[in-house]
Protein chains: 2
Amino acid sequence: MAIEAARLSPSLTAAFLGPPLRRALPLQLPRLRLRRRLSLAAAAGGDDGPRAVALPSSELRKRRGASSSSSSAAAGSGGDERLRSLRGLFARPDIAIDAYIVPSQDAHQSEFIAECFMRRAYLTGFTGSAGTAVVTKDKAALWTDGRYFLQAEKELSHDWTLMRSGNHGVPTTSEWLKEVLPSGCRVGIDPFLFSFDAAEELKDAIFEKNHELVLIRELNLVDEIWGEARPEPPKQKTRVHGIKYAGIDVPSKLSSVRSQLADDGCDAVVISLLDEVAWLLNMRGSDVPNSPVFYSYLIVEDKTATLFVDNNKVSEDVLEHLEKAGVKLKPYEAILSDVERLAQSGKKLWLDSSSINAAIVNVFRASCDRHVNKRGKAGRQSGKESPSGEPGSGSSGVQNGNLQALYKVSPVTLAKAVKNEAEIEGMKSSHIRDAAALAEFWCWLEGEVRESVLHTEVQVSEKLLEFRQKQDGFIDTSFDTISGYGANGAIIHYRPTPESCSSVGSDNLFLLDSGAQYIDGTTDITRTVHFGEPSPRQKECFTKVLQGHIALDQAVFPERTPGFVLDVLARSSLWKIGLDYRHGTGHGVGAALNVHEGPQSISYRYGNLTALQKGMIVSNEPGYYEDNSFGIRIENLLLVKEVNLPNSFGGVSYLGFEKLTFVPIQSKLIDLSLLSPSEINWINEYHEEVWEKVSPLLSGDSLDWLRKNTRPL
Amino acid sequence: MAIEAARLSPSLTAAFLGPPLRRALPLQLPRLRLRRRLSLAAAAGGDDGPRAVALPSSELRKRRGASSSSSSAAAGSGGDERLRSLRGLFARPDIAIDAYIVPSQDAHQSEFIAECFMRRAYLTGFTGSAGTAVVTKDKAALWTDGRYFLQAEKELSHDWTLMRSGNHGVPTTSEWLKEVLPSGCRVGIDPFLFSFDAAEELKDAIFEKNHELVLIRELNLVDEIWGEARPEPPKQKTRVHGIKYAGIDVPSKLSSVRSQLADDGCDAVVISLLDEVAWLLNMRGSDVPNSPVFYSYLIVEDKTATLFVDNNKVSEDVLEHLEKAGVKLKPYEAILSDVERLAQSGKKLWLDSSSINAAIVNVFRASCDRHVNKRGKAGRQSGKESPSGEPGSGSSGVQNGNLQALYKVSPVTLAKAVKNEAEIEGMKSSHIRDAAALAEFWCWLEGEVRESVLHTEVQVSEKLLEFRQKQDGFIDTSFDTISGYGANGAIIHYRPTPESCSSVGSDNLFLLDSGAQYIDGTTDITRTVHFGEPSPRQKECFTKVLQGHIALDQAVFPERTPGFVLDVLARSSLWKIGLDYRHGTGHGVGAALNVHEGPQSISYRYGNLTALQKGMIVSNEPGYYEDNSFGIRIENLLLVKEVNLPNSFGGVSYLGFEKLTFVPIQSKLIDLSLLSPSEINWINEYHEEVWEKVSPLLSGDSLDWLRKNTRPL
């Protein structure tokens, strides 16, 4: 699946865009002491949802569609009502704000979120995945990017102004706030929904016009007006991710985290990214579509580890699994009080402030300050300097070391990215099964088109899902399938809808980007095909994209090379004829986890200095998109491996790639005259490998199809 | 000529290594009010040196060698004496320091410097081009890099400790000072010899151990002990660089600088890089070897421009040229008082603090502060905030805008790097003449080796110089020729000496990296040849280097692409067999100016975000070096140009390269079996072009040689 900074989780986006944000003074915590609605504890009582195999996202979406149709209608006609209710809360003396910002995020910066956290969609009526709403006493504006301009225009009521992010002259949210509010206003946010870094940046930006950022931690204003209609939080059971697939047991993983803590002089770390919790505890869940994660936090201390999760999600065997690893359970919403406890006992905390939400970081800092003050009043015998007396106003730990925090990328990030043998084995195995499903699918679709049976882009996606569901260990899609025929293929993150999508025919290119979650691995593959006669132009463009794909696939590079160094290899064939594509070339992929993960990437943006390392997985997906005409993308997943070479200059290792994806590339689309002998050789060797690996899983028509499509050029 | 960060001028090095240095508080100026020795004004009286064509560097070096042999001898035997004299000065009440740092630089951060500024060489006896000496009351240490370890071991007396920079565990100068000095010492420097950024960084580093950096502006302690024996400052006449070659007249260039000043709200700019002054004023000089520059500063104000230069260097026609352009003259050493004048009249100054020395910046800042204080005392009616009362202690203009300075890369840097039509014409023309000289040279050398007439590496360089001197408009070499046979070729910045160099034979590879200054252009070319039978290993390595050279030469890329993006193209063929090279791939080159110039580069270091732009010139010089065996480098200069393509995705221009260098690449060294048809085609087309362009300038044996060496493969 192609990456676009806007689509990535904020931590991954930050890695694309540049160095870590500057730390600034902490936020002033609002003096609210309201009872916080316990958003995740509400769903008590057992639920006998599937354990090992959860509902596929498509099914979840259907159910969701049915249950929320009434609320959608409400958004369409009664948008004003929601805005009016929200503004009504502004004036409450315990809130007292002039504006409120509603982002798309959940409290964990997840790429896919549960419906009950889709507050921005509820408030605005706009259902795209990316967007930020800002409401003042008399204005309401929604920011979204180019992918969603048309959809937002349709879905927003006339009370909303659409802010087309990235268009010339369109202000950012903070620029707009500085524009429309008189100096010295109070701008409210739910600090759970902003990473600490993002909140700091926002605070600094609006402070330029003397506005104060007010962290309203005790209640989310949108939840307040959503009321009873708000969907229940997800309550699917979690499951143990067997050691056969995880490769390393939880005590060993925890021990490695603890030795990193010791190395950095820290006593504890808070993990809030859901895939990091799942990876570290060898657990999986199904709280959100496409990612096998569950809502939770984890605190690892020197001797203990505590999982903050809704008790009802923990079955007997999960409990046993956790107990064996010495992991204790606490309720999800106990995270803040536990962070306070750590602060009060003088623990030094490791916090990844690019992902941990501002609520947690600020509670910790405020609590540290109060604690130091108390000690200070009792007699300043401690050698340590005391931060300024006001709670929440101490300087950053980065700047003066006074505070008990180390702000650093999570100790789990890199460990999770570098796959172990079992994870690699699972990725390889699941990719072969996925390839078999795709071969069956392509064989079927080719036949349908040949016989002039028309299917829409959505129907085609559903059929693909059926083929995948037949494979062992299938759990879910790994993202919403991008099924784009003709001009729709040129929309990089196209999402067909049943009402408005095209049928797949034989007059144009068909781009299909899809992936699956299996019990043992995660897949992500794009193929572009033509069921009729491609034009010379289409063949030229396809061949140039393919040359880029081959060049990156064949790259060999010394260890410590960051991914962006290789990006040009995938583009230079296109550049030679004046073409390019506006997305990155490669993203990390989790092992039976998120289809997008950091820290590595292969992108034309060069802020991400993470070196590609042996055991990492990256996608290789150059493309070309001709607006209103067609789209081309060729995507395989690659495993970074050490290569044995006759030399090793500088005494370093040299790395290269091993393909994980084994699905034929349509030879009809290749203009052979543009290829070098070594490129033709690459294609033939790849197809030979596809045949060897995938043919044993096929029979009948599909086997014939595979034979035909892996013949040497 | 291959680039290595250590060899580059500090501004270019900074561009390689990362973002601009953090600005900090200004230096505390020492309260010295000694009479400064007027180092450049001493040489009064006319000198009838050549005007249009200066002495070649080789001649200068010979003369210098003769005159300085006595002082060299003194360095060898009496090093202690110099150290003793220097330490004697430490105790003077008006100096009162505990350590003194002597860098290699002149006051303009030049790559090539005049002999009278070679203070570090005089003090230490070590004559390599790079090194820093630090002397405390009881210790003396010299830092240099790997290129010079052997030479330094030979040249340093036992009073000196050699610090092998880059070796594991070797401290930096500031780390060492923190180690060897007790807390709270005074460390002296000559602030003319440090860029402001470098001085600030040093100050911050040693402040960690409470040491104070003392700027001793009024005298240079080494000059003081050097006394009468110190060589005269250079006194060659300057000359007008004709509009035919310069392309744009001085008033137009000044007007462009002034409009940049206006855009940034500045009143004046101080230019201190010698090539920037020469470029801006269409003047050339011969104060230093290899670069046609002259010691000077330039201040451009809204209505006036002032050149600070020794009057004796200015002939009648130069004077007329300057008067026409409205440029006034002042003595070289008046720069500080003029900067004070600007400060006192409240002018806002544009300062490139990565190149402008700390003496100038600190005089300006101190003067601003004094002026503001005076106004402050007269009644603080001004709306501007006043910086802190102590002279020299105001905060950086970057941080709070209080000071009257804008710290930003010089407005001349980019203008000089993007060549105009006349400069491009001159570069092309001089490269053809240079190619003719090289063809004659290679023809001669091949003949000599064939007839077993042995010449040393130095003799070969001298012969090459003879061939070049016969070409129209020849002025000088553009750097010391790197003439390396066999294992010597593996030393990237090898400098043969008459006493110890090898003879060029037919048993191994011969690497020759050389360049020239012509009246109309600057060249820089490397070729590697074998006069006997190369080994398969040598052919394999040469072919891999050639493939990298070809890949970069053929690159096409969208505008706004920084050079480092393309670096991998030159390396990936080598990486595929586990080889690499430890230098950058390309550097900028001046037009009849410095052979190394910024701001662009093509390097594996990715701090330099400068985009390659139409009209820039870069070298393309991948290599491979097998220690103790042989060296390979293939270098052409390239002009960045716009390419016409069938598409222009994103509506941007696409850029590519046009070759400037036209000298055959030895086909004997190419393993054809490793090349693709398109690579073979590149070589044949290149050689056809070499023949077409250079054959008209040749006759007899050289013409035959060229015919033979440009035959299609």
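Quick note on labels: first sequence line is chain A, next is B, and so on, each numbered from 1. Because the structure is a prediction, the values reported are computed rather than measured.
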### Part of A:Gln554 within contact of chain B (heavy atom distance under 4.5 Å)
both
### Query
If we only count heavy atoms from C-beta on, is the A:Thr561 to B:Tyr604 side-chain gap below 4.5 Å?
no
### Message
If I take atom CG from residue A:Leu574 and atom CG from residue B:Asn647, how far apart are they, to the nearest 0.5 angstrom?
### Response
9.5 Å
### More than 12 heavy atoms of other groups within 6.0 Å of B:Asn167 CG
yes
### Query
Side chains of B:Trp575 and A:Phe557: does their closest heavy-atom pair fall under 4.5 Å?
yes
### Query
Heavy atoms, side chains only, cut-off 4.5 Å: are B:Leu569 and A:Leu569 in contact?
yes
### Message
For A:Lys614, I'd like to know if atom NZ has over 12 heavy atoms of other residues, nucleotides or ligands within 6.0 Å.
### Response
no
### Query
Taking side chain as C-beta onward, heavy atoms only, is B:Tyr606 less than 4.5 Å from A:Leu609?
yes
### Query
Hey, is CZ on A:Phe207 packed in by over 12 heavy atoms from elsewhere, all under 6.0 Å?
no
### Task
Report yes if the side chains of A:Tyr624 and B:Phe649 come closer than 4.5 Å at any heavy-atom pair, otherwise no.
yes
### Task
Compare all side-chain heavy atoms of A:Ile577 with those of B:Leu645 and state whether any distance is below 4.5 angstrom.
no
### Message
Any heavy-atom pair between the side chains of A:Asp580 and B:Pro558 that's under 4.5 Å?
### Response
yes
